[in-house]
Chemist: 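Quick one: the structure is below, questions incoming.
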Amino acid sequence: SMDQDHLLQRITSHLSSPRKTSEVFVNGHDHSRDDFINSPIEVLGPDCLLNIFGFVNAKTLMIIGQVCRWWSDLAGSQILWRQMVLRTFPVPESELDSEVDWKALFVRYRSLQFTRSEDFMMLSGGYLTATKTKLSYWSSAVARVGWTTGRHYWEIRIDQIAASNKAIMIGVTNDKQAKLCGFYQRISAWAYYSFTGQKYHGYEPKAYADGYGTGDVIGVQLEVNENNTASLGFWKNGEFKGVAFHHLTGKKFWPFVDMHNVKNRVTILPHRIEP
């Protein structure tokens with residue numbers, strides 16, 4: 001409404017005040033609701049502020065949470081982050097745990113979004129679905145965030161795959177900026193091939209597991225060590241296929257998908273956890 005827009009403008013003006021900015025960021029989170037005495041925000045209660053905060057994007061909401069203890073509590077509200085997740089991503093809420101941390105879930109969804117793809121790859125569904133749109137050579141889509149350490153797991157559902165040539169590669173790369181058109185061929189990538197079940201690194205296929213097709217869900221398990229090495233394994237429909245690669249080298253690793261045939265389509269499922 002106009003009243004809410006006006007209040008949001010006044011809050012934004014208050015945040016940009018040199019006096020208040022200096023107080024907040026010099027002393028960190030040492031301030032509370034008393035900071036807003038004699039300000040336009042003083043008259044607003046928590047319910048009203050929660051309503052207003054519900055109109056901002058995730059970046060702004062995180063900034064709001066740095067203002068003071070009071071706003072940090074409000075900006076961390078599960079109600080706000082649930083709204084943020086459900087309006088940004090196609091989340092199957094019925095599959096989520098009742099104790100889900102909505103803010104953490106938002107961060108995970110955003111991390112696994114596809115953010116780099118080629119001309120013949122269409123991204124949709126909150127940038128979680130990739131579809132091959134034109135017959136050409138291989139096309140690639142790469143996730144937003146890479147990892148430098150820790151254990152990570154994500155799942156990719158095969159929504160549709162051509163029966164004649166089940167050409168999909170799922171894996172990780174240590175070079176997000178490399179020229180696309182088939183990551184699996186490069187020494188900077190490690191992948192699991194849908195058609196034969198082979199594992200690929202540097203265009204060298206080796207026996208690994210059985211293949212996969214439409215309706216299958218492929219889990220990817222990446223463990224990155226502090227010495228810039230990693231291991232990579234895959235799951236198929238809840239069954240672990242074993243570690244495919246040991247001693248991957250690189251400073252950071254990103255999830256990727258390669259697809260060949262028109263209308264091949266996959267979706268990342270960030271809400272799934274390791275079996």
Chemist: Measure from the side-chain N and O atoms of E274 to the backbone N and O of Q221, and report whether any donor-acceptor pair falls under 3.5 Å.
Modeler: no
Chemist: Just checking Y109 against F89, ring centres under 6.0 Å apart?
Modeler: yes
Chemist: Have a look at D258 and tell me which of S140, S139, S194 forms a side chain to side chain contact (heavy atoms under 4.5 Å, CB included) with it.
Modeler: S140
Chemist: Can a donor-acceptor pair be found, under 3.5 Å and without considering hydrogens, that links the side chain of S111 to the backbone of V107?
Modeler: yes
Chemist: If you round to the nearest 0.5 Å, how far is CG of N264 from CG of D159?
Modeler: 10.5 Å
Chemist: Give the ring-plane orientation class for H201 versus F245, where under 30° counts as parallel, over 60° as perpendicular and anything between as tilted.
Modeler: perpendicular
Chemist: Determine whether more than 12 heavy atoms belonging to other residues, nucleotides or ligands lie under 6.0 Å from atom CG of L86.
Modeler: yes
Chemist: Aromatic ring centroids of F195 and Y212 under 6.0 Å?
Modeler: no
Chemist: Measure centre to centre between the rings of F253 and W147, then say whether the value is under 6.0 Å.
Modeler: no
Chemist: Indicate yes or no for a side-chain donor-acceptor contact from R151 to the backbone of E223 under 3.5 Å, with no hydrogens or angles considered.
Modeler: no
Chemist: Does any N or O in the side chain of N225 come within less than 3.5 Å of the main-chain N or O of N228, such that one atom is a donor and the other an acceptor?
Modeler: no
Chemist: Take a 6.0 Å sphere around CD of E95 and say whether it holds more than 12 heavy atoms from other residues, nucleotides or ligands.
Modeler: yes
Chemist: Report yes or no: does E155 contribute a side-chain atom to a donor-acceptor pair with the main-chain N or O of V220 at less than 3.5 Å?
Modeler: no
Chemist: Is a side-chain donor or acceptor of T133 paired with a backbone partner of F120 at a separation under 3.5 angstrom?
Modeler: yes
Chemist: Centre-to-centre under 6.0 Å for Y192 and Y200, is that the case here?
Modeler: no
Chemist: Would you give the length of the straight line joining atom NZ of K206 to atom CD of Q198, rounded to the nearest 0.5 angstrom?
Modeler: 11.5 Å
Chemist: In terms of heavy-atom contacts, does CG of L96 have more than 12 from other residues, nucleotides or ligands at under 6.0 Å?
Modeler: yes
Chemist: Where is the tightest heavy-atom contact between A141 and F114, given as atom of each residue plus distance?
Modeler: CB-CD2, 3.6 Å
Chemist: Kindly say whether R110 contributes a backbone atom to a donor-acceptor pair with the side chain of R144 at under 3.5 angstrom?
Modeler: yes
Chemist: Take the angle between the ring planes of F240 and W235 and call it parallel below 30°, perpendicular above 60°, tilted in between.
Modeler: tilted
Chemist: Can you check whether M169's main-chain N or O pairs, donor with acceptor, with W138's side chain at less than 3.5 Å?
Modeler: no
Chemist: If you count the non-hydrogen atoms of other residues, nucleotides and ligands that lie under 6.0 Å from CZ in F106, is the total more than 12?
Modeler: yes
Chemist: Give a yes or no on whether a salt bridge exists between D210 and K241, defined as a side-chain N under 4.0 angstrom from a carboxylate O.
Modeler: yes
Chemist: Without hydrogens or angle criteria, can the side chains of T229 and N227 be said to hold a donor-acceptor pair below 3.5 Å?
Modeler: yes
Chemist: Please check: side-chain N/O of N174 versus main-chain N/O of T249, any donor-acceptor pairing under 3.5 Å?
Modeler: yes
Chemist: Just by modelled atom types, is the V217 backbone N or O under 3.5 Å from a matching donor or acceptor in the N237 side chain?
Modeler: yes
